[in-house]
Structures are given as C-alpha cells and as structure tokens.
Amino acid sequence: MNAVRKAGPEPAGGPPVRDALEDGAEDSTVPATSMVDAWGTFNDGTKKPVLAVALPYEVQRRSAAYHEAGHAVVTAAYGAHIKVTGVLDLPAADGGWSLTGRTEFDGPPIPFWRYAAQCAAGERAQARYFNAAGLWSSDTRALCANHDDFASTSTWFQNAGLVLTRDEDLPDEGTSGMSWTTACRIADLMLSMLWPQVEAVAAGIDARGLLTGDQAAELAGATNPPPYRNRG
C-alpha cells in the first residue's frame, strides 16, 4: 500500500527511514536499505503507485498501521511467525512523502481459505478503522484498495492449482478456489474476534513505525509463534 502527503516538512513521526538507518543500526526494527527499497515495490517487483488523497498525513499513517496490524494479528492467529510489521515514511519523487507498509512472516502450510483471509485482513482492518472514525469516503475507499494483496493472493492460488475471483462466482464447476469477497468476509469475522489486539498493534506501529513480531505479540498480549523452519 502506498499513499502520499503534500510536499513540505518532515513528517511528525520522525526522520525518514533512509536517514535513520545509521542511527538505528542496532535496532532490529530499522531495516537495511535494500529492505526499504523492497518495501517500495509490490510483490511482483513493480513500483508501488503513489496515490494522492485529501487526507492528513497522520490519518494516512494511522490507517496504514491498521492495515499492517490486521495482516499481522490474523496471520499470527493462524500460526505463522511474524518477522516484522509496520509502516515506513519514504521520500516521494515530487519532494513530498509517501507511506508504505508491509508484514513479513514465516508460517506452516495452511488451508487456502485461511491464506486468503489473512491477506484480506489488511484491507478490511483499514476499512474498519475508517468506518469507526467516521472517515469512510471515496478517498478512503480508494486508499483501502491501493495494495497488491488480491494480486499476490491470486498468484499463490494459481501456483496451487486454484482460482481466486473478485466476485462470488468461480468460472466452472470443476474449478476449486474462492472469491475475494468470501476472503474478506472471513477476514471480517477474524477481525471482529481479534479487534482489541489489532488496535494495540496498530497503536504500536503508528507510534514507532516498525515492530518485530515479538514486539507486536507483546502489544497484543500474545506469543509470536516460532519460525516454521525451527519447528519439530
């Protein structure tokens, strides 16, 4: 997900990550420059578009924090180890600032519908935040949709011999898979049960920018599942 604020002074949340790398060299939540560059691209390697929306920087940042917290909390609930989750402030080409977020995890194989739900949880958590704050509009709807979660989930489905559609209908009777609408409904159900944890993690992301999985789990009052490669 990527959103832009108007050109101007440094965001109130602190210096951009590129400038903070040396100062935070010992901080595990500060990524390497290569990681910062990776966070500015979608999973297929294409550069994330900068979406100009008429929202204050602080609102955009908070909504992005909810997006990533939704991913992290639901993914951990399904048994995956969260490596890092958070939001980065990055310079925009026009001299302004952009926000981008990402959640990285290491998890065991899970049913396809769980995978789709944890991917949809970011969009749905962000939408839930906007609705609760009385900020739902065409701008915030567009901001919620400005991510590659559907596309990356669809690719995962294709590799597994499944189909992910946008609507309710699968292409034919012999096709296995589901719709993104159904994934969002499952995500909504998970979020309704885990919302206090999502709020706690989102507050941590909003305040700090990046959290390790252990830090996110501590905020949620939970335990970060161990890395899948270290199990059994």
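Everything numeric here is computed off the predicted structure, so don't read it as measured data.
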**Q** Measure across M190 and A77 and return the closest heavy-atom pair with its distance rounded to 0.1 Å.
**A**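 M190 and A77 have their closest heavy atoms at CE-CB, 4.0 Å.
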**Q** What is the distance from atom CD of E104 to atom CD1 of I82, rounded to the nearest 0.5 Å?
**A**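 Separation between the atoms: 10.0 Å.
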**Q** Write down the atom of P225, the atom of G79, and the distance for their closest heavy-atom approach.
**A**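 Minimum heavy-atom contact is CB-O, 3.5 Å.
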**Q** Hey, is the main chain of L135 close enough, under 3.5 Å, to the side chain of T140 for a donor-acceptor pair?
**A**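 Confirmed, T140 side chain pairs with L135 backbone.
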**Q** Ignoring hydrogens and angles, write down the donor-acceptor pairs under 3.5 Å from the side chains of residues 194-205, residues two or more places apart or on other chains.
**A**
| from | atom 1 | to | atom 2 | distance (Å) |
| --- | --- | --- | --- | --- |
| W195 | NE1 | E199 | OE2 | 3.2 |

**Q** Just jot down the side chain to side chain contact (heavy atoms under 4.5 Å, CB included) partners of A120, sequence neighbours excluded, or say none.
**A**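 Once residues adjacent in sequence are excluded, the partners of A120 under the side chain to side chain contact (heavy atoms under 4.5 Å, CB included) criterion are W180, A183, C184, A187.
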**Q** Within a strict 4.5 Å, meaning less than it, do heavy atoms of the H71 and F105 side chains meet?
**A**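 The answer is no; the side chains never approach within 4.5 Å.
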**Q** Which pair of heavy atoms, one from A64 and one from Q126, lies closest together, and at what distance?
**A**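 Smallest interatomic distance, heavy atoms only, reads N-NE2, 4.1 Å.
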**Q** Measure across Q215 and L210 and return the closest heavy-atom pair with its distance rounded to 0.1 Å.
**A**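 For Q215 and L210, the tightest heavy-atom pair comes out as OE1-O, 4.2 Å.
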**Q** Name each donor-acceptor pair under 3.5 Å that joins a side chain in residues 107-119 to protein atoms two or more places apart or in another chain, with its distance.
**A**
none

**Q** Measure from the side-chain N and O atoms of S179 to the backbone N and O of L164, and report whether any donor-acceptor pair falls under 3.5 Å.
**A**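 Judged by distance alone, no pair lies under 3.5 Å.
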**Q** Can you tell me how far apart CG (L99) and CG (L88) are? Round to the nearest 0.5 Å.
**A**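 L99 CG to L88 CG: 9.0 Å, rounded to 0.5 Å.
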**Q** Identify, with sequence neighbours excluded, every residue that meets salt bridge (charged side-chain N to carboxylate O under 4.0 Å, His left out) alongside R62.
**A**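 For R62 the salt bridge (charged side-chain N to carboxylate O under 4.0 Å, His left out) partners, ignoring immediate neighbours, are D206.
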**Q** Among all residues two or more places apart in sequence or in another chain, which pass the salt bridge (charged side-chain N to carboxylate O under 4.0 Å, His left out) test with D188?
**A**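 For D188 the salt bridge (charged side-chain N to carboxylate O under 4.0 Å, His left out) partners, ignoring immediate neighbours, are R124.
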**Q** Looking at NE2 of H147 and OG of S152, how far apart are the two atoms once the value is rounded to the nearest 0.5 Å?
**A**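 Rounded to the nearest 0.5 Å, the NE2-OG separation comes to 9.0 Å.
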**Q** Could you tell me which residues satisfy salt bridge (charged side-chain N to carboxylate O under 4.0 Å, His left out) with R141, sequence neighbours excluded, listed by chain and number?
**A**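 Expected list: none.
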**Q** Please list all pairs passing the side chain to side chain donor-acceptor pair (under 3.5 Å) test where one or both residues lie in residues 155-165, with sequence neighbours left out.
**A**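 Non-adjacent pairs meeting side chain to side chain donor-acceptor pair (under 3.5 Å): zero.
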**Q** Stepwise, does the side chain to side chain contact (heavy atoms under 4.5 Å, CB included) test hold for F150 with E123?
**A** CA-CA 10 Å; F150 172 83; E123 173 185 330; over 6 Å; no
**Q** Sequence neighbours excluded, which residues qualify as side-chain hydrogen bond (donor to acceptor under 3.5 Å, both in side chains) partners of N131?
**A**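 Per chain and number, N131 pairs via side-chain hydrogen bond (donor to acceptor under 3.5 Å, both in side chains) with no residue.
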**Q** For S138, give me all partners under side chain to side chain contact (heavy atoms under 4.5 Å, CB included), at least two apart in sequence or on another chain.
**A**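 Per chain and number, S138 pairs via side chain to side chain contact (heavy atoms under 4.5 Å, CB included) with no residue.
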**Q** I need the single residue from D106, D214, T75, N224 that forms a side-chain hydrogen bond (donor to acceptor under 3.5 Å, both in side chains) with H81. Which is it?
**A**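 Of D106, D214, T75, N224, side-chain hydrogen bond (donor to acceptor under 3.5 Å, both in side chains) with H81 is met by N224 alone.
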**Q** Enumerate the ring pair (Phe, Tyr, Trp, His ring centres under 6.0 Å) contacts for residues 116-137, please, sequence neighbours excluded, ordered by first and then second residue.
**A**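 For residues 116-137: Y66-Y129.
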**Q** Kindly write out the residues that satisfy side-chain hydrogen bond (donor to acceptor under 3.5 Å, both in side chains) with S154, not counting sequence neighbours, or none if the list is empty.
**A**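 S154 satisfies side-chain hydrogen bond (donor to acceptor under 3.5 Å, both in side chains) with no residue once adjacent residues are dropped.
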**Q** Which distance, rounded to the nearest 0.5 Å, do you find between the CG of L143 and the OG of S137?
**A**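 Those atoms lie 9.0 Å apart.
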**Q** To the nearest 0.5 angstrom, please state how far the OG1 atom of T223 sits from the CD atom of E218.
**A**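 Answer rounded to 0.5 Å: 10.5 Å.
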**Q** Using modelled atom types and a 3.5 Å cut-off, is there a donor and acceptor pairing between side-chain atoms of E68 and backbone atoms of V87?
**A**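 The answer is no, because no donor-acceptor pair under 3.5 Å joins these two groups.
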**Q** How far does CZ of R166 sit from OG1 of T181, to the nearest 0.5 angstrom?
**A**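 Taking CZ in R166 and OG1 in T181, the distance rounds to 8.5 Å.
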